[in-house]
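See structure below.
Per chain, numbering begins at 1; letters A, B, ... match sequence-line order.
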Amino acid sequence: MRVPPLTTCEKEVILEALKSGKRFDFRGLEEFRGVKLVVGSEIGTAICTIGNTKVIAAVSAQIAEPSSMRPHKGVIIIDVDLSPMANVSNEHDRLGSKGMELIRLLELIIRDSRCIDVESLCIRAGKEIWKVRVDVRILDEDGSLLDCACLAAITALQHFKRPNVTLEPHHTLIYSEYEKAPVPLNIYHMPICTTIGLLDKGQMVVIDPTEKEAACLDGSIVVACNKRREVCALHQSTNLVLSTKQIERCVKLAMSRAEALTAVVSDVIKQDQRERSAFKRPDGFSITTPSLILTSGTAAARQINAPRIQHGREPEEKMLYQPSVIVNENPLSVGSVKQEEVDEDALIAEQLSIIQNSVGGVAVSDPQSSGVSKRKKEKEMVDDLLDGICDSEEEEVKTEILGSSEPMEVVLPVVEQQKDEEDVTSWRKKKKKV
Amino acid sequence: MEVHISDDEKLFLISGVEQDIRNDGRTCADFRTIVLERGVLSGTNGSCRVQLGQTTDVLAGIKLELESFDPAAEKEAKQPMSFHVDFSANASSQFAGKGGDQYGEEISAAFQVAFSRSLDILPNLSKTLLAEGYRWKINVDLSVLQWAGSVPDACSLAIIGALSDLEVPEVEVAPDDGGKVSIVLKRPRTGGNMRDEEVPVAMWKLDVQSCPMLLTVSKIGSANLVDCSPEEECCIRSQLLIGVAKNLNVDDYDITCIKQHGGGLLEMESIQDMTELASKTAGGLYQAIEKRLKTEEKRKPGHSFLL
Amino acid sequence: MAVYLPGDVINEPSSSDSSIIGYGINLRGEKKVVTQPGAFRSDEGKIWLSVHSKRYIPQEGDRVIAIVTSKTGDFFRLDIGTAEYAMISFTNFEGATKRNRPNLKTGDIIYATVFDTTPRTEAELTCVDDEKRARGMGQLNGGYMFKVSLNHCRRLINPSCEILQTMGKFFKFEITVGMNGRIWVNAPTTEEIIKIHDVINKSEFITGEDELISLVQHSYTRSVSG
Amino acid sequence: MSIISEHGFRMDGRRPAQIRNINTRLGLNRNAEGSCYLEHGNTKVLCAVYGPYESKASKRLEDRCAIVCQYSTTTFSGLERKNRPRGDRKSTEISRLLEKAFESVILTESFPRSQIDIFCEVIQGDGSNLAACVNATSLALADAGIPMKGIASAATCGIVETKPIVDLTSREETDLLPRVTLATICGRDEVILVELQNRLHIDHLSVVMDAAKATCADVYECLAVVAQQHLKACAPILGN
Amino acid sequence: MAGRLREMRCELSFLKNADGSACFSQGSTCIWASCSGPGDVHASKANEEAMTLDISYRANCGDNKFSVLNNIIQSTLAKAINLELFPHTGLVVTIHGIQDDGSMGAVSLNGACFALLDNGMPFETVFCGVLIVRVKDELIIDPTAKQEAASTGKVLFAVCKGTDGFPEVCSMDVIGNWDYLQLEAAWSLAQPSASAIFEFYTSVMKRKHSVDEH
């Protein structure tokens, strides 16, 4: 779908404002937008929000065959998904040149900078290794997409724990999270990526540009650093002429940013660990929007009382009991029955009679002829079935407790906490014989 | 690459060819000047570069691989050579991306067929079978750097050059535990002071006299000609790819394969004439190559090819 | 103020049979069926729904802000945020003759009226009314253009809404509101343009009178950092 | 096996700040508008430039010329035989880098709605392939007579125990040695391409950058001499 | 006969680039939905008489091949929207399953409807999704992941508001063997929950439109 083009008047005003150090969201030229990082209730998922850009990253692992060249090294795969939700110009399941560039840069920053110890992902050299897959989904796009994606991926990798494994001569035992505590990935350092926009031949630096600003800038440079003051990636992504001094200045800015964000990531992870160790079920991504925003709404869990099948309620023509052989008359031609349709009905009626005689005993019930008795019998059966439901005491669903209708802010269905069923099918619990 | 020439130019060319004179002065059975340099790529086991008339430029590189194969699965011994022709985009912008792949596969298949009987034709090729289930795999890769007609001919010359440049290391086969075999490079016992790794490994070379060759013979008007330039290729009626191999014992040339390349109608006689022309020119080419391969490569240190 | 969802039937007392059916309501038989979610509005014999949306659907008579995308033959191709491009012939400009054509380049914006939206063809726009006079339409030079939701635009234009009047007390600015959700603002300095842009965006969910004044006051005094 | 021996020499006998010898030949491809064969020691690169010609509708740009680049390596170029010469992620990314770099060098506004094709083929890759490609491409563009801001020159620079080493061979490009590929215009401090492999500590950044910039200037000298010689050689043909 | 509908939360138009966006959660199952259109569509997929629907449910990890769920949402939307109203245009609906704690099918249908309401384009009738599972032949509405996993049969009703205002089935996906009576019981449970969800729609839209009071 088409995105409206950038008009010259917008471009002129934005550039004029940037040159005089002003921006449309009241930020300074070297000020970052606020970062919001949320970790999911599922292990290994994280949503990162920078300004309006929102990205969710999910990490999953499975056992796979290693490549012949590197038999004892685990594999990390990064996959990006650009959906029309992020930008109307994207298409489902189609990775354009923008997507390819994003994947390549993420691989450069996360995989090629060896921030994850791949040797520890090896189970049985040459035969079984862990294949860690990082899925990045872009949910909303407003500039510095790569920073948001990289931050989300790093947080998800920190938050992820793979199941524990013991080696036996002929097979491998994979434990669920209830038998042995899952093992986090061995991460050496955390590369944090920063997109730095550049203006008039690279003299002016614009930090963390929004989508509109990025369209007006001359170009941008991507710098990834970690808190050990190491530069992990340096990538010039648009046609731009810079001086080496300018590059060094950008790297210093990115370095300070990296330290700040590493602190944010480790806080979020520690806070989540504290919650999980206290067995408090983390609310993850469920919406905690302040109620005062007019565009949000909540409705408390409520009691649904299904009325018994009252006889009177359904207007008669609505409950027309369909004959088992459906006569496919064309609904549009309800009024005008054309000539050839008339012989068609005759034909079908005649077939109907043949079927009835040949089938013999089976009552091909025609609504009118079967009469009311049959329908009454059905009603009793349905009623007994429904009664069975209400009276049963030990039913799984505790309905009385939730009867109270006053809106509770966070309603945790009582059922989950009380007892852990043994046949829990939470994530990857199967005791797998490989 | 489509070369556009006007109709009267075509008429001029066809009438010339029928009188055995071509635009650049050659007769129908003449080849353009051939430049052949061997051993140009240090990273390969054998390499050769052939340039045909300052335009068509082909580079052949051979890399050896130790291949283990299941002897039971293959009834008759599979020939160890595998060919892969790749059209570099440098040749023309139509070969960018996937443009050249289709034409490249066609020529690679033709070479695969022409060399299918290579175990019998080349005398010492059977030496590549090392032991039960182990052999040398010879990967012959050709990269076409410039394209101006008669690419198969240039490729076959490059292959012969590269095979003659190929050095295969001598190998000792020692039985190992568990039925497996350990392959060790054979080093001549020179008691000198050099440490074991630095002693040069003994090498053997392939004998390439009877190596098959692919020639394209084209028919323009009523004349058959060899080594067409792009302009001539625009007025071809049809083209045959003829594989010729020198028969050592009877000193004649066998035809190993005939493939029609592109469309066109041919009577039986003209096929007969074309194959004769092919074997005649092949004879000339074989002599030229032998003379060329005998002159040792004397090259200044640091001097490189393509200069 | 009743809110209806698509599929509901309107049986408001004020919607007598004679009233004219407006936006968002379809007449099926004698039932008035709602087809767009919105709040019910009626005003002496006319009933319609005020709908919240961001995607513009061209209606004849709407005044919109269009972006020139290309020039083909004697037509300019315009983007008004709809599925199909819109067209405007060079004759539909004030004072345009065969020879002196309006010089519009790609990326310029114009304020025009939609005057023909037959389905399956591009919408046709014009910058002159019947007497060939511009009445404020034509090219918009300088200034800044940005997009807001359609219902906010309708609210700004509504005479009874005093967002613009309050801003008038603090800023000296020129504003054009297109029905396709695009607003063009011009002010002497870029700083003021930034402040006005900020006020208009924030005023979307402000209803109270005094809240509005405090918002405009705050943004007037606040300095644009940098 | 340290990269620099204690006497300060490298494995192939060069000093740390010494570049490999460069052999080039221009105009050897008859079909292309401009072509160049360049050798950095054992790294051999062939580059051809086609265009500017009328571009395909999909790539056409209204105001400037579209640069399309393809970087491919022959299957026998590296130590191990690769079965796909191009199309893998690494070569697509290098093609994109070359495109971006040369978009800022070529005066693209002078050819609106047209397209220039740049094809680089690494015949033998022995380290700093990207730098060799940039040098070969800028010479091919000069040979094709396409207006440019200047001849771009590129070099790779790594760092070993705080000492910069320049123009790395494939044996020195281990996966621990951090290295920066830098491309500048006419050897001046105008960077058009920067690419970092492996992690580099920030204090070493300025050292590596200066060494790389100095090397680009040296390489530029060589390229300039070659270009002038080529033009002088063609002068009599041009009849002036 | 009773059951319970988990707590529903919703937030509208919180995405910058989508025409209509909704973040909807039932219990702790949470999805983000976006609906953009009617916009231009690629010539190859354009349909002269009607609007083309491009719908995709995308999960967090793995390749997104959810044909069953996509088909249900596609058929429901095709019934809910009068496609002939906007010929030669395209509507793109994307649903991201952010967090899955059971009855994801129903939650995505509700999210899709919220996104459509937020988009504000004309359509025929509001719709919602109700998932009913049978655990040890006892019917549960809107199950959590545990209940859904322990169930022996599932039926997902896509319910839209009929012309007479009562809920009406417009598409249905049945897994496991159900006889007609149990299905009828399930439907009798689904009707009131559908009305409850429709009420929630109205309350959210009322809040959103409260700006137009003056």
Side-chain angles (χ1 to χ4, degrees), chain A residues 5 68-70 73 78 97-98 100-109 111-115 188-189 191 198 201-202 218-256 258-259, chain D residues 58-59 62 64 67 80 88-106 108 149-150 152 157 159 175-176 178-186 188-214 216:
Chain A
S68 57
M69 255 102 71
R70 290 179 287 277
K73 283 208 171 118
I78 294 176
S97 61
K98 201 164 64 169
M100 284 296 286
E101 188 183 336
L102 211 59
I103 287 188
R104 183 62 202 134
L105 287 172
L106 278 176
E107 272 172 5
L108 201 66
I109 294 166
R111 194 165 56 172
D112 299 354
S113 72
R114 270 180 304 291
C115 69
Y188 293 141
H189 66 93
L198 291 151
K201 303 253 170 333
D218 294 349
S220 68
I221 185 167
V222 173
V223 187
C225 320
N226 60 22
K227 69 175 180 341
R228 287 212 229 111
R229 297 181 60 72
E230 278 172 337
V231 183
C232 310
L234 192 55
H235 198 83
Q236 195 170 329
S237 72
T238 45
N239 53 10
L240 187 68
V241 180
L242 287 167
S243 73
T244 44
K245 292 290 158 291
Q246 198 62 48
I247 295 178
E248 277 147 32
R249 190 159 159 264
C250 295
V251 171
K252 286 194 182 52
L253 286 169
M255 188 60 72
S256 55
E259 270 128 21
Chain D
S58 59
K59 289 194 166 49
E62 288 308 314
R64 53 189 167 77
I67 311 279
E80 280 157 26
D88 60 335
R89 278 231 177 91
K90 195 103 188 62
S91 43
T92 24
E93 203 239 332
I94 292 183
S95 320
R96 222 183 40 73
L97 266 178
L98 284 173
E99 258 168 47
K100 294 291 177 224
F102 281 98
E103 252 166 43
S104 50
V105 175
I106 298 171
T108 48
K149 289 185 185 130
C157 175
I159 190 146
D175 48 15
L176 289 175
R179 52 188 184 276
V180 168
T181 310
L182 199 76
T184 60
I185 300 180
C186 298
R188 294 194 297 266
D189 186 2
E190 290 170 14
V191 176
I192 55 167
L193 176 124
V194 64
E195 169 74 7
L196 169 73
Q197 309 271 356
N198 303 333
R199 301 198 300 276
L200 169 73
H201 199 275
I202 189 162
D203 311 340
H204 301 322
L205 184 67
S206 52
V207 170
V208 170
M209 282 292 186
D210 299 344
K213 208 168 49 181
C216 284

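Taken from OG1 in Thr184(D) to CG in Leu242(A), the straight-line distance is 12.0 Å, to the nearest 0.5 Å. The OG atom of Ser243(A) lies 10.0 Å from the CE atom of Met209(D); values are rounded to the nearest 0.5 Å. Note that the CD atom of Gln197(D) and the OG atom of Ser113(A) stand 11.5 Å from one another [nearest 0.5 Å]. Between the OG atom in Ser104(D) and the CG atom in Asp218(A) there is a gap of 11.5 Å [rounded to 0.5 Å]. Considering NZ of Lys100(D) and NE2 of His235(A), their distance stands at 9.5 Å, rounded to 0.5 Å.
Looking at every heavy atom in both residues, Ile202(D) comes nearest to Val231(A) through CA-CG2, 4.4 Å.
Side-chain atoms of Asp189(D) come within 3.5 Å of backbone atoms of Thr244(A) as a donor-acceptor pair (strictly under, hydrogens ignored).
For Arg229(A), the parts sitting under 4.5 Å from any heavy atom of chain D are the backbone and the side chain alike. In this structure, the portion of Leu193(D) lying under 4.5 Å from any heavy atom of chain A is its backbone and not its side chain. Of the atoms belonging to Glu107(A), it is side-chain heavy atoms, and not backbone ones, that fall under 4.5 Å from chain D.
No more than 12 heavy-atom neighbours from other residues, nucleotides or ligands sit within 6.0 angstrom of NZ on Lys227(A). The environment of CZ in Arg70(A) is sparse: at most 12 heavy-atom neighbours from other residues, nucleotides or ligands sit within 6.0 Å.
A 4.5 Å side-chain heavy-atom check between Arg199(D) and His189(A) finds at least one atom pair inside the cut-off. Residues Glu195(D) and Gln236(A) form no side-chain contact, since every pair of their non-hydrogen atoms from C-beta on lies 4.5 Å or further apart.
The candidate from Val180(D), Ile185(D), Thr92(D), Asn198(D) with the greatest count of non-hydrogen atom pairs under 4.5 Å with chain A is Asn198(D). Counting heavy-atom pairs closer than 4.5 Å to chain A, the top residue among Leu196(D), Leu205(D), Asp210(D), Asp203(D) is Leu196(D). The most heavy-atom pairs under 4.5 Å with chain D, out of Ile247(A), Leu108(A), Asn226(A), come from Ile247(A).
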